[in-house]
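Numbering of ligands and ligand atoms starts at 1, following listing order. Throughout, numbering of the chain's residues begins at 1 and tracks the sequence.
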Amino acid sequence: MLKLSGNELSVISKFVRDLSGIVLDTSKSYLVESRLGPLAEEYNCKNYSELYFKARQDPSKRIANRIVDAITTNETFFFRDNSPFELLRHKVIPDTIDRIMDSPRASFPTMKIWSAACSTGQEVYSVAIILKELLGDDIKRWRIQLVGTDISDAAIAQASYGRYNKTEISRGLRPDQLKKYFEEHENYTKVSDEIRYLANFRRLNLLEPFGFMGKFDIILCRNVAIYFDMEDRKSLFDRLADQLNPRGALLIGATESLFGVSDRYERKSYMNSVFYELKD
Ligand SMILES: C[S@@+](CC[C@H](N)C(=O)[O-])C[C@H]1O[C@@H](n2cnc3c(N)ncnc32)[C@H](O)[C@@H]1O
């Protein structure tokens with residue numbers, strides 16, 4: 001494996017930070033080596049500086065995207081942490097349905113949900129399963145806009161295919177959900193079409209403007225801002241507030257808090273879980 005010098009670590013760390021907001025822990029040079037070493041070899045680079053210069057000079061940004069892909073932690077699984085999904089099932093989505101049905105939107109009910117930093121899609125399909133279980137056949141009357149975005153091309157590609165290997169499929173799903181909402185193939189398991197069609201995916205960097213995404217009833221932004229510095233975290237959650245409909249809900253990761261980060265939300269707790277509602 002190629003060795004990383006101290007100077008290369010700071011150059012790569014700044015590059016990754018500028019591209020994605022991810023702050024690399026400089027004590028973990030072995031992590032950068034293990035993740036970028038194979039990429040450096042693939043591009044025939046003698047060292048990490050050469051990889052960096054190649055990435056900077058590549059107008060297609062392909063190498064830069066591969067670097068971000070390699071550095072990002074895509075860890076996720078179906079119904080991760082469970083309680084936020086119970087909260088969605090028993091409180092946030094039913095309240096959203098009631099609010100929409102009591103509004104002028106009732107004649108053509110549309111619900112918009114965004115999973116920002118959705119990784120390989122398990123979070124999105126967990127929400128889709130809950131929507132299907134809650135709405136049943138009534139789901140046909142609804143226009144569901146369930147969008148998953150992530151900076152990683154590879155993660156978004158997998159999410160779009162909705163294909164999972166044995167390990168991925170064994171994490172978080174109940175046997176009855178697996179049977180009902182997935183199809184087994186020889187080398188992979190695939191989300192069934194009725195669930196797949198509820199979701200859309202696209203690449204999106206949360207550091208860049210995302211006003212074009214429009215307004216949402218619910219946003220999940222979980223386990224990504226932990227990698228950002230405070231300035232980017234504050235900017236992210238303030239900008240996400242601009243994308244929420246009145247009384248819209250934001251769900252963040254189990255270890256995260258918006259205390260001292262954004263005052264645009266009211267912290268609400270229900271069934272041992274926390275969500276954030278957009279303030280009036
Ligand atoms: C640990 S995963 C979280 C996935 C899912 N939300 C969950 O909680 O299970 C973090 C994801 O954030 C994505 N990510 C990192 N920086 C990002 C950025 N600037 N914009 C969008 N996504 C980013 C990574 O590619 C990765 O898929």
- atom 25 (O) of ligand 1: the protein heavy-atom neighbour that sits closest, reported with distance to 0.1 Å: Asp150 OD1, 2.6 Å
- Query: Backbone or side chain, does any N or O of Cys118 fall under 3.5 Å from an N or O of ligand 1?
  - Reply: no
- Message: Under 4.0 Å, heavy-atom basis, I'd like to know which part of Thr73 is in contact with ligand 1: side chain, backbone, both or neither.
- Response: backbone
- Message: Within ligand 1, which atoms have a heavy atom of Thr72 less than 4.0 Å away?
- Response: 15 (C), 24 (C), 25 (O)
- Check ligand 1 against Ser152 and write out every atom of the ligand that is under 4.0 Å from a heavy-atom position of the residue. 25 (O)
- Give the residue and atom name of whichever protein heavy atom lies nearest to atom 20 (N) of ligand 1, and the separation in Å to one decimal. Leu206 N, 2.9 Å
- Item | Minimum-distance protein heavy atom relative to atom 23 (C) of ligand 1 | Ile151 CG2, 3.4 Å
- Query: Under 4.0 Å from any heavy atom of Ser119, which atoms of ligand 1 are there?
  - Reply: 4 (C), 27 (O)
- Item | Arg171/Glu75 salt bridge by N-O under 4.0 Å criterion | yes
- for atom 15 (C) of ligand 1, nearest protein heavy atom and its distance come out as Val224 CG2, 3.7 Å
- ligand 1 atoms in contact with Glu75 (distance to a heavy atom under 4.0 Å): 1 (C), 2 (S), 3 (C), 4 (C), 9 (O)
- In terms of side-chain geometry, is the basic nitrogen of Asp217 or Arg105 positioned less than 4.0 Å from the acidic oxygen of its partner? yes
- Query: Nearest protein heavy atom to atom 7 (C) of ligand 1, by residue and atom, and its distance?
  - Reply: Arg80 NH1, 3.3 Å
- Message: When you measure from the heavy atoms of Asp81 to every atom of ligand 1, does any distance fall below 4.0 Å?
- Response: no
- Message: Between Ser27 and Asp25, is there a side-chain donor-acceptor contact under 3.5 Å, judged purely by atom types and distance?
- Response: yes
- Query: Can Lys54 and Asp58 be said to form a salt bridge (Lys or Arg N to Asp or Glu O under 4.0 Å), step by step?
  - Reply: CA-CA 6 Å; Lys54 272 196 177 158; Asp58 168 19; over 6 Å; no
- Query: Are any of the side-chain heavy atoms of Ile71 and Leu36 separated by less than 4.5 Å?
  - Reply: yes
- Note on the structure: Closest to atom 9 (O) of ligand 1 among protein heavy atoms sits Thr76 OG1, 2.6 Å
- Item | Numbered atoms and elements of ligand 1 in range of Asn205, under 4.0 angstrom, heavy atoms | 18 (C), 19 (N), 20 (N)
- Exercise: do Asp81 and Ser83 side chains pair donor with acceptor under 3.5 Å: no
- Query: Relative to the heavy atoms of Arg222, which atoms of ligand 1 are at a distance of less than 4.0 Å?
  - Reply: 3 (C), 5 (C), 6 (N), 8 (O)
- Task: For ligand 1, note which part of Glu123 has a heavy atom under 4.0 Å away: side chain, backbone, both or neither.
- Result: side chain
- Query: What do you reckon, does Ala117 have a nitrogen or oxygen under 3.5 Å from a nitrogen or oxygen of ligand 1?
  - Reply: yes
- Task: Might you confirm whether atom OH of Tyr43 has over 12 heavy atoms from other residues, nucleotides or ligands at distances under 6.0 Å?
- Result: yes
- Could you tell me whether Asp232 and Arg17 make a salt bridge, using a distance below 4.0 angstrom between a side-chain N and a carboxylate O? yes
- Between Leu204 and ligand 1, which residue portion shows a heavy-atom distance shorter than 4.0 Å: side chain, backbone, both, or neither? backbone
- Query: Centre of Phe216's six-membered ring, under 6.0 Å away, within 45 degrees of the axis: is that where NZ or CZ of Lys112 sits?
  - Reply: yes
- Take Ser119 and Asp150, measure what side chain to side chain donor-acceptor pair (under 3.5 Å) needs, and give me the verdict at the end. CA-CA 6 Å; Ser119 186; Asp150 200 281; 5.0 Å; no
- Message: Whether Asp95 and Lys91 form a salt bridge (side-chain N of Lys/Arg under 4.0 Å from carboxylate O of Asp/Glu) is what I want to check.
- Response: yes
- Do Ser103 and Arg99 meet the criterion of a side-chain donor-acceptor pair at a distance under 3.5 Å? no
- Looking at ligand 1, does any of its N/O atoms fall within less than 3.5 Å of an N/O of Phe228? no
- Message: Does this structure show an ion pair linking Asp153 with Arg203, if we count only N-O contacts that are shorter than 4.0 Å?
- Response: yes
- Message: Using a plain distance cutoff, I'd like to know if Tyr227 has any nitrogen or oxygen under 3.5 Å from a nitrogen or oxygen of ligand 1.
- Response: no
- Message: Tell me the protein heavy atom at minimum distance from atom 8 (O) of ligand 1, and give that distance in Å.
- Response: Asn223 ND2, 2.8 Å
- Does Ser20 come within less than 4.0 Å of ligand 1, judged by its heavy atoms? yes
